[in-house]
Asks: 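Let me give you the structure first, and then I'll get to my questions.
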2 protein chains.
Amino acid sequence: MGRRIGIKDVAAAAGVSVTTVSHILNEVEGKRINTETRQRVLETARQLGYAPNGLARGLRLKRSSTIGFVSDQIATTPHAGRIILGAQEEAAKHDLLLLMLNTGGDRELERREIELLLQRQVDGVLYASMYHRVVEVPEQLRSVPTVLLDARADDPSVPSVVPDEVQGGATAVRELLRHGHRRIGFLNNVDDIPATHGRLEGYRQALAEAGVAFDPRLVVAETASAAGAYRAALTLLQAAERPTALFCFADRMAMGVYHAAAELGLSIPTDLSVIGFDNQELICDGMFPGLTTVALPHYEMGARAVAQLLALTGTKGQGTGPAAQEMLPCPLVARASVASPPRL
Amino acid sequence: MGRRIGIKDVAAAAGVSVTTVSHILNEVEGKRINTETRQRVLETARQLGYAPNGLARGLRLKRSSTIGFVSDQIATTPHAGRIILGAQEEAAKHDLLLLMLNTGGDRELERREIELLLQRQVDGVLYASMYHRVVEVPEQLRSVPTVLLDARADDPSVPSVVPDEVQGGATAVRELLRHGHRRIGFLNNVDDIPATHGRLEGYRQALAEAGVAFDPRLVVAETASAAGAYRAALTLLQAAERPTALFCFADRMAMGVYHAAAELGLSIPTDLSVIGFDNQELICDGMFPGLTTVALPHYEMGARAVAQLLALTGTKGQGTGPAAQEMLPCPLVARASVASPPRL
DNA sequence: ATGTGGTGCCCAATCGTTTTGGCAAGTGAG
DNA sequence: CTCACTTGCCAAAACGATTGGGCACCACAT
């Protein structure tokens, strides 16, 4: 078919120069254009179905209106999609598009693919992890504005957007306290990541606020799987003074807790309240009863990261000094797994 | 910092013309270059850290080495990520990058965003649905090579890549038959989508192969949720001659079945075998016992779609006539929810 | 001396925009 | 009629690459 029509075609059709067309379409200030001419040009552009060539534009402007989204694992984490969605929708507001890249954690592959990104002259890069952790930012990204997403770097000059794990943990525990629980177990996971420490800290803070003493016997660490949680829950629930509520590091651990509870003849939430973390809807809604949990603000994180990136590219100065480290709150999502403790 | 260095810089540093540098870097045929010069240029390019400007290159070549990935919902479906991953990794093999776009099903938003894509001069577009269905391809995409992903169009001239629902359904049922089951229930869903009809067809085919008569009372349609499946399973399992195995349209329906079985005192897989569909690992692994299921070949679909797109852009002819409609098989993923039927 | 054929390189046009610095025509004052 | 100013438009130079068509040089045969 005929090639896409360009500014030149519009100029010819409207009987003016390319310059004038460009001025009109871009609404350049300080350039005086006759109102009638403007109308005519706009009209012909519309009729011809003109659309600017982004490559040419980018070349001239030294700006591609495209940002790179680099992540280790798009695939494994569900809800990862919400991060992408948040980023993309925020980007769309500024006519930006996302160039996606998954590295699978392979450092060499990462290098090669980021190279491709940079060749495309992206205006900035979102370097995302699929779970909150500390990452090492690739050297190549020094040359381009970068924001970390669901990740922090040792280097504090790189801005980042992460969930507030402490607040999230506290939110979960406060919900249990609010219902009158005092003996609250915590099934933590065993990895050395911010979530592990942060949620534990939140657990302790919430207990302290409520004047409940911290009892280390109520905290047990296990692999963040249903099977692991099942074992841990069995132990915890068969102890002398069993907890009346369990806070699970992850929703999938709650699946194990439900199983353990069923086996011990404890019904949820009458005999035992359970609260999870992550709000994996497929799981939470499928469980009986529906699992109350704390959600990670994935969508917002994506959106805020783009906003930060734009702020960064806005200020030419590449302002030195520590950059913004934004923490987003994790909201409670109530379903049906929390009730008042049984009268023992 | 100093701007990125270009071909011009390399030329100057090596003491040759830009033309020569370009010839050397692109290994242009029919152009004779002195071996020594070639070495010198390559060396300086390496030292200077030269990388071509993709925008300029794309402008000249009328090819951006970028393909658009348009989907309705990145977010809601887990495993959607595997489609993206498959597409991206296949694309990377050809030095292509993916420009992602999520429309949320909003037709007007979709139009605007695809417009952005086309402005970026993408070489082709993957139009993906997050579950297998029939879609209407946007008018704008006529002008650019397009492949449908997990979707079909009424227009058979658009190539597509979809899972083989019939084979998938049959695979599930054959696994049950193989273990000796003869009364096999099917919890279908109620939507009018290819999966609903295809898997039912597969169910019937597998039964027919095994010489088992089709009994309509064993098929019940419900919303594809745990709650819906729970109700349906209760009915089915309390019938006079209850089925010894249940094939569920979706893994999350199997969650409801597990619950119903537990309530009726049936243990899985001893008293009742269950098989799901989708292989949502978080669910399948979290259930007790682990859920045997049929996987959708998401990764392969993404990869094949890119391959098709490349084939399409390769043949200039835009060959008329019906295009390739590729169906990919759905493999069985065995866990622990299927066993031989109880001796009644 | 002239022609013939290779070799090794470069000039300049091109892709589709944006933008700087004009220039010509019109207007009103002197 | 001339000057100064405004208005409305345009020519041409970028941006960074690719590529068709040379050109200059050398060797060798005539």
Side-chain angles (χ1 to χ4, degrees), chain A residues 2-42 44-45 48-66 95 116 118-123, chain B residues 2-42 44-45 48-66 95 116 118-123:
Chain A
R3 73 196 193 309
R4 274 177 84 84
I5 67 112
I7 200 176
K8 216 177 301 185
D9 306 286
V10 177
V16 293
S17 74
V18 240
T19 306
T20 305
V21 176
S22 176
H23 283 153
I24 292 175
L25 293 177
N26 295 318
E27 300 175 347
V28 179
E29 315 220 13
K31 288 292 175 178
R32 303 151 302 216
I33 304 284
N34 183 300
T35 314
E36 195 220 324
T37 317
R38 158 173 286 113
Q39 289 310 324
R40 180 159 39 92
V41 168
L42 287 176
T44 43
L48 267 48
Y50 168 76
N53 180 321
L55 296 181
R57 190 170 233 258
L59 176 59
R60 180 65 230 254
L61 262 23
K62 297 185 172 311
R63 164 165 59 80
S64 63
S65 292
T66 293
D95 281 0
L116 287 184
L118 296 182
Q119 287 188 12
R120 300 291 194 297
Q121 313 292 117
V122 290
D123 299 336
Chain B
R3 73 194 193 309
R4 274 178 85 83
I5 68 113
I7 198 176
K8 215 178 301 184
D9 306 286
V10 177
V16 294
S17 73
V18 224
T19 306
T20 305
V21 176
S22 175
H23 285 153
I24 292 175
L25 294 177
N26 296 319
E27 298 175 348
V28 179
E29 315 219 14
K31 291 291 178 178
R32 305 150 302 215
I33 303 283
N34 184 300
T35 315
E36 195 221 322
T37 316
R38 157 173 287 112
Q39 289 311 323
R40 181 159 37 92
V41 168
L42 287 176
T44 43
L48 268 48
Y50 168 76
N53 180 320
L55 297 181
R57 189 168 231 258
L59 177 59
R60 181 66 227 255
L61 262 22
K62 297 184 170 313
R63 166 165 58 80
S64 63
S65 292
T66 292
D95 281 1
L116 287 183
L118 296 182
Q119 288 187 12
R120 300 289 195 298
Q121 314 293 115
V122 290
D123 299 336

Asks: Hey, does the side chain of A/K62 come within less than 4.0 Å of D/dG16's phosphate (OP1/OP2), counting only N and O?
Replies: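 Yes, within the criterion.
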Asks: Roughly, in whole Å, what's the span from CD1 in B/I5 to P in D/dG16?
Replies: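 One finds 11 Å between P of D/dG16 and CD1 of B/I5, rounded.
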Asks: Categorize A/A11 for me: base, sugar-phosphate, or nothing, with a 4.0 angstrom heavy-atom threshold over every strand shown.
Replies: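 The answer is nothing, as A/A11 stays clear of every strand by at least 4.0 Å.
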Asks: First locate atom CG of B/L55, then atom CZ of A/R120, and finally report the distance between them rounded to the nearest 0.5 Å.
Replies: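 Reported value, rounded in 0.5 Å steps: 9.0 Å.
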Asks: Show the nearest heavy-atom pair for residues B/V21 and B/V16, with the distance to one decimal.
Replies: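 The answer is CG2-CG2, 3.7 Å.
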Asks: Taking atom P of C/dT17 as reference, at what distance in whole Å does atom CG of A/L55 sit?
Replies: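 Atom-to-atom, A/L55 to C/dT17, this comes out as 10 Å.
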Asks: For residues 25-32 of chain A, please give each side-chain donor-acceptor pair under 3.5 Å, one per line with the distance, not counting sequence neighbours.
Replies:
| residue | atom | partner | partner atom | Å |
| --- | --- | --- | --- | --- |
| A/N26 | OD1 | A/R57 | NH2 | 3.0 |
| A/N26 | ND2 | A/S22 | O | 3.1 |
| A/N26 | ND2 | A/S22 | OG | 3.3 |

Asks: Could you state the atom-to-atom distance from CD1 of A/I24 to P of C/dT19 in whole Å?
Replies: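 Answer to the nearest Å: 15 Å.
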Asks: If I take atom CG in residue A/D9 and atom P in nucleotide C/dC15, what distance separates them, rounded to the nearest angstrom?
Replies: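 These atoms are roughly 11 Å apart.
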Asks: Indicate for each nucleotide in nucleotides 7-12 of chain D, in 5' to 3' sequence, whether protein heavy atoms under 4.0 Å reach the base (B), only the sugar-phosphate (S), or nothing (-).
Replies: BBBBBB
Asks: Measure from the side-chain N and O atoms of B/R40 to the backbone N and O of B/A14, and report whether any donor-acceptor pair falls under 3.5 Å.
Replies: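 Here the side-chain-to-backbone pair exists.
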Asks: Could you tell me the separation between the CD atom of B/Q119 and the P atom of C/dC15, rounded to a whole number of Å?
Replies: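 Value for this atom pair: 20 Å.
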Asks: Can you measure B/K8 atom NZ to C/dC11 atom P for me and round it to whole angstrom units?
Replies: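 Computing the B/K8:NZ to C/dC11:P distance gives 13 Å.
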Asks: Take the protein atom CG of A/L61 and the nucleotide atom C1' of D/dC15, then report the distance between them rounded to whole Å.
Replies: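 In whole Å, D/dC15 C1' and A/L61 CG are 10 Å from each other.
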Asks: Using the side-chain hydrogen bond (donor to acceptor under 3.5 Å, both in side chains) criterion, which residues pair with A/T19? Sequence neighbours excluded.
Replies: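 A/T19 satisfies side-chain hydrogen bond (donor to acceptor under 3.5 Å, both in side chains) with no residue once adjacent residues are dropped.
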Asks: C/dC15 P sits how many Å from B/R63 CZ, rounded?
Replies: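 It works out to 17 Å between those atoms.
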Asks: Starting at CD1 of A/I24, measure out to OG1 of A/T37 and round the result to the nearest 0.5 Å.
Replies: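 Output value for this atom pair is 6.5 Å.
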Asks: Minimum heavy-atom separation for A/A56 and B/L59, please, with both atom names.
Replies: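 Heavy atoms of A/A56 and B/L59 come nearest at CB-CD1, 3.7 Å.
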Asks: Under 4.0 Å: is that the gap between some side-chain N or O of B/Y50 and OP1 or OP2 of D/dA17?
Replies: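 The answer is yes; a side-chain N or O of B/Y50 sits under 4.0 Å from OP1 or OP2.
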